[in-house]
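Scroll down for the structure; my scribbles are underneath it.
The analysis underlying the following values was restricted to heavy atoms, covering all of them including side chains, and did not include hydrogens, waters or symmetry mates.
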Amino acid sequence: MIGQRLEVRQGQGLVITPQLQQAIKLLQLSNLELEAFVEGELERNPLLQRDEGEPGGESSLEAAPEAANDAAPADGGDEGELRFVEGSDVHARTLDAGADDLYGDAAPGERVSDRREDQATDQPGLTDWSRAGAGGGLADGEERERPDHRDETLWEHLQAQASAARFSPADHAIALTLIDATDEGGYLRADLGEIAERLGVDEARIEAVLAVCHGFEPTGVMARSIPECLKLQLVERNRFDPAMDALLDNLELLARRDLTALRKACGVDAEDLAEMIAELKALTPRPGAGFGGEPAQTVVPDVHVRPDPAGGWRVELNTDTLPRLLVDKRYHAVVAAGARSDTEKTFVAECAAQAGWLVKSLDQRARTIMKVASEIVRQQDAFLAFGVEFLRPLTLKTVAEAIEMHESTVSRVTSNKYVATPRGVFELKFFFTAAIQSSDGGAAHSAESVRQKIKTMIDGESGGGDVLSDDRIVEILNEAGIDIARRTVAKYREALRIPSSIQRRRLLKVG
């Protein structure tokens with residue numbers, strides 16, 4: 001019988017609350033993006049304030065769990081603790097891995113507190129990286145040199161010359177349009193026909209203005225191709241002739257070091273061709289490279305790894321990249337007491353809950369980054385000690401299983417996060433490489449270490465040895481216990497921007 005009826009059913013499902021979405025979003029942000037997000041929250045939420053105290057005092061990470069407990073609903077988990085105590089002699093870290101799981105990785109009943117305390121006395125010769133980061137790792141009392149002026153940019157240099165070129169007002173506007181279309185290398189990256197159509201003038205007039213601009217300094221600027229750039233420089237040196245014109249038309253043969261075909265195309269002998277190639281090498285293929293541009297953004301590491309005096313490695317968060325926030329309880333009490341309407345009370349309650357959850361999310365983000373970075377260091381300790389050839393194959397799944405988290409959480413943590421090690425600054429994703437099986441049944445090899453082996457073998461060719469073909473490299477790697485195919489060697493070689501054996505043999509012959 002068909003009819004309508006009401007039934008009560010019980011089921012389980014995952015509901016992504018706005019707070020959980022915020023925690024996931026914070027986890028995958030870089031330190032610059034996180035700083036911008038926190039600034040927005042400070043402007044929007046009156047109950048949040050920045051902790052201006054010194055890292056050696058009571059930090060926001062110490063006050064964060066307490067503030068979160070007062071403002072956010074409790075879920076029954078033991079609150080974790082993450083403290084950075086800095087003094088003149090001792091730099092200690094206390095890390096509780098059993099904090100409340102905001103990202104839903106651990107199942108109920110499986111959240112085990114694993115407290116580890118690492119304390120070590122600073123030793124002479126070891127760099128204290130706990131203060132490095134946004135300050136660039138400068139020592140106490142050391143000041144960063146700030147230039148009083150910036151270098152002139154290429155566009156400013158060209159615009160000054162255009163102003164002095166005695167163009168008519170219309171031609172000056174055309175010249176400025178061409179300068180705006182010039183890239184940092186000094187090349188004109190625009191179609192003259194499109195510029196003529198946009199400005200409503202003949203293309204011949206555009207070319208006439210461009211011909212004048214080709215006389216600007218540096219020589220070769222605003223060329224539309226590499227041959228044209230080199231031609232302008234050769235014309236200035238009075239070294240442009242039919243043979244050199246033919247050489248510029250066949251630069252692809254020069255790139256392949258096909259000297260026989262070049263001699264035939266230019267109609268010169270081997271001695272003249274060698275002189276022509278030497279003249280090309282003396283030219284500047286990027287005339288705009290010597291001018292100032294936008295300053296490069298320095299990568300600020302999120303984690304520091306340094307040798308521990310007691311052995312092993314010390315993993316420390318860069319406190320300079322961690323926003324220090326506090327919930328202003330006194331102001332909250334004043335505002336809550338003065339709220340009269342339901343709208344005002346709701347607004348104050350929402351601000352308190354959001355502020356508490358944000359502080360708690362930032363605390364959990366720091367814990368998670370620390371947990372993942374510590375496991376990566378444990379897995380790749382051989383790389384830190386001996387170099388890239390000892391980099392082990394590592395996957396997100398391996399790290400996730402070791403720290404009892406989901407692979408997606410590990411993926412978010414390793415995105416846009418950097419670690420400073422004695423061997424340089426690396427993105428955390430650098431340590432995750434594919435595995436290449438061993439031909440003798442031993443341990444697998446990291447793809448990055450195999451690439452390094454290939455580069456080392458090819459770099460040794462300049463010492464007088466024979467040029468190694470891809471097949472020969474495969475044989476050498478197989479003898480070393482690495483099972484690899486020829487196409488994989490070719491792929492790694494091309495990724496390293498290394499020419500083929502034929503091109504390398506020509507390079508050695510020319511050299």
Side-chain angles (χ1 to χ4, degrees), residues 146-255 262 265-268 272 275-298:
R146 291 185 174 88
D148 296 332
H149 65 278
R150 61 178 179 85
D151 295 334
E152 183 184 33
T153 65
L154 174 63
W155 300 278
E156 293 171 345
H157 184 66
L158 295 177
Q159 288 168 4
Q161 296 181 77
S163 299
R166 296 183 179 180
F167 283 122
S168 66
D171 290 345
H172 185 258
I174 294 174
L176 293 181
T177 303
L178 295 175
I179 292 172
D180 290 340
T182 304
D183 63 11
E184 294 182 354
Y187 286 89
L188 180 62
R189 303 300 186 184
D191 182 76
L192 298 186
E194 294 179 358
I195 294 179
E197 183 180 356
R198 176 155 52 91
L199 298 180
V201 297
D202 295 334
E203 187 174 345
R205 188 172 184 178
I206 302 292
E207 292 178 351
V209 174
L210 179 59
V212 177
C213 294
H214 281 164
F216 292 170
E217 293 291 338
T219 306
V221 73
M222 299 180 69
R224 287 160 288 183
S225 63
I226 293 179
E228 185 179 22
C229 176
L230 300 178
K231 176 183 177 181
L232 293 172
Q233 298 178 56
L234 290 169
V235 169
E236 183 191 44
R237 300 185 180 195
N238 198 23
R239 295 296 299 165
F240 185 74
D241 53 25
M244 190 66 77
D245 190 15
L247 178 59
L248 295 180
D249 289 338
N250 294 275
L251 289 179
E252 69 279 356
L253 297 178
L254 180 60
L262 270 178
C266 299
V268 296
D272 290 339
E275 293 179 358
M276 294 166 61
I277 294 176
E279 290 180 8
L280 285 186
K281 290 181 178 179
L283 303 179
T284 304
R286 286 176 56 86
F291 288 83
E294 294 297 329
Q297 293 292 336
T298 305

With rounding to the nearest 0.5 Å, note down the distance linking CE in Met244 to CD1 in Ile277. 9.5 Å

By the side chain to side chain donor-acceptor pair (under 3.5 Å) test, which pairs, at least two apart or in different chains, include something from residues 214-229? Thr219-Glu236, Arg224-Glu228

Determine whether Leu280 and Leu251 satisfy the following criterion, side chain to side chain contact (heavy atoms under 4.5 Å, CB included), listing intermediate values before the conclusion. CA-CA 10 Å; Leu280 285 186; Leu251 289 179; 4.2 Å; yes

Does Asp191 use its side chain to pair, donor to acceptor, with the backbone of Glu194 at less than 3.5 Å? yes

Quick test of your reading of the model: are Lys231 and Asp245 salt-bridged, counting only N-O distances below 4.0 Å? no

Taking the side chain as C-beta and beyond, is there a heavy-atom pair between Cys229 and Pro285 under 4.5 Å? no

Euclidean distance, Ile179 CD1 relative to Leu188 CG, rounded to 0.5 Å: 10.5 Å

To the nearest 0.5 angstrom, please state how far the CD1 atom of Ile174 sits from the CZ atom of Phe167. 9.0 Å

Trace of the side chain to side chain contact (heavy atoms under 4.5 Å, CB included) decision for Leu158 with Leu178: CA-CA 10 Å; Leu158 295 177; Leu178 295 175; over 6 Å; no

Quick check: do Leu247 and Leu253 have side-chain heavy atoms less than 4.5 Å from each other? no

Ile195 and side chain to side chain contact (heavy atoms under 4.5 Å, CB included): which single residue from Leu210, Ile206, Val209 fits? Ile206

Please name the pair of heavy atoms, one in Pro287 and one in Pro218, separated by the smallest distance, quoted to 0.1 Å. O-CG, 3.2 Å

Counting only heavy atoms from other residues, nucleotides and ligands, does the tally under 6.0 Å from CZ of Arg166 exceed 12? no

Would you find more than 12 non-hydrogen atoms of other residues, nucleotides or ligands less than 6.0 Å from Glu197 atom CD? no

Side chain to side chain contact (heavy atoms under 4.5 Å, CB included) assessment of Arg189 paired with Thr182: CA-CA 6 Å; Arg189 303 300 186 184; Thr182 304; over 6 Å; no

To check you understand the geometry: which heavy-atom pair defines the closest contact between Met276 and Cys266, and what is its length? CE-SG, 4.3 Å

For a quick test of reading the model, state the closest non-hydrogen atom pair linking Ala162 to Ala175 and the distance between them. CB-CB, 4.4 Å

Look up atom CG in Leu248 and atom CG in Leu234, then write down how far apart they are to the nearest 0.5 Å. 6.0 Å

Grab the two heavy atoms, one from Ala170 and one from Arg205, that are nearest each other, plus how far apart they are. CB-NH2, 3.4 Å

Could you tell me whether the side chain of His157 reaches within less than 4.5 Å of the side chain of Val221, counting heavy atoms only? no

To the closest 0.5 Å, what do you measure between CG (Leu232) and OG1 (Thr284)? 12.5 Å

Given the rule in the side chain to side chain contact (heavy atoms under 4.5 Å, CB included) test, do Arg198 and Thr177 qualify, once you have shown the distances and angles that lead to the verdict? CA-CA 10 Å; Arg198 176 155 52 91; Thr177 303; 3.8 Å; yes

Please report the closest heavy-atom contact between Glu207 and Leu192, naming both atoms and the distance. CG-CD1, 3.7 Å

So how far is it from Met222 CE to Asp183 CG, rounded to the nearest 0.5 Å? 11.0 Å

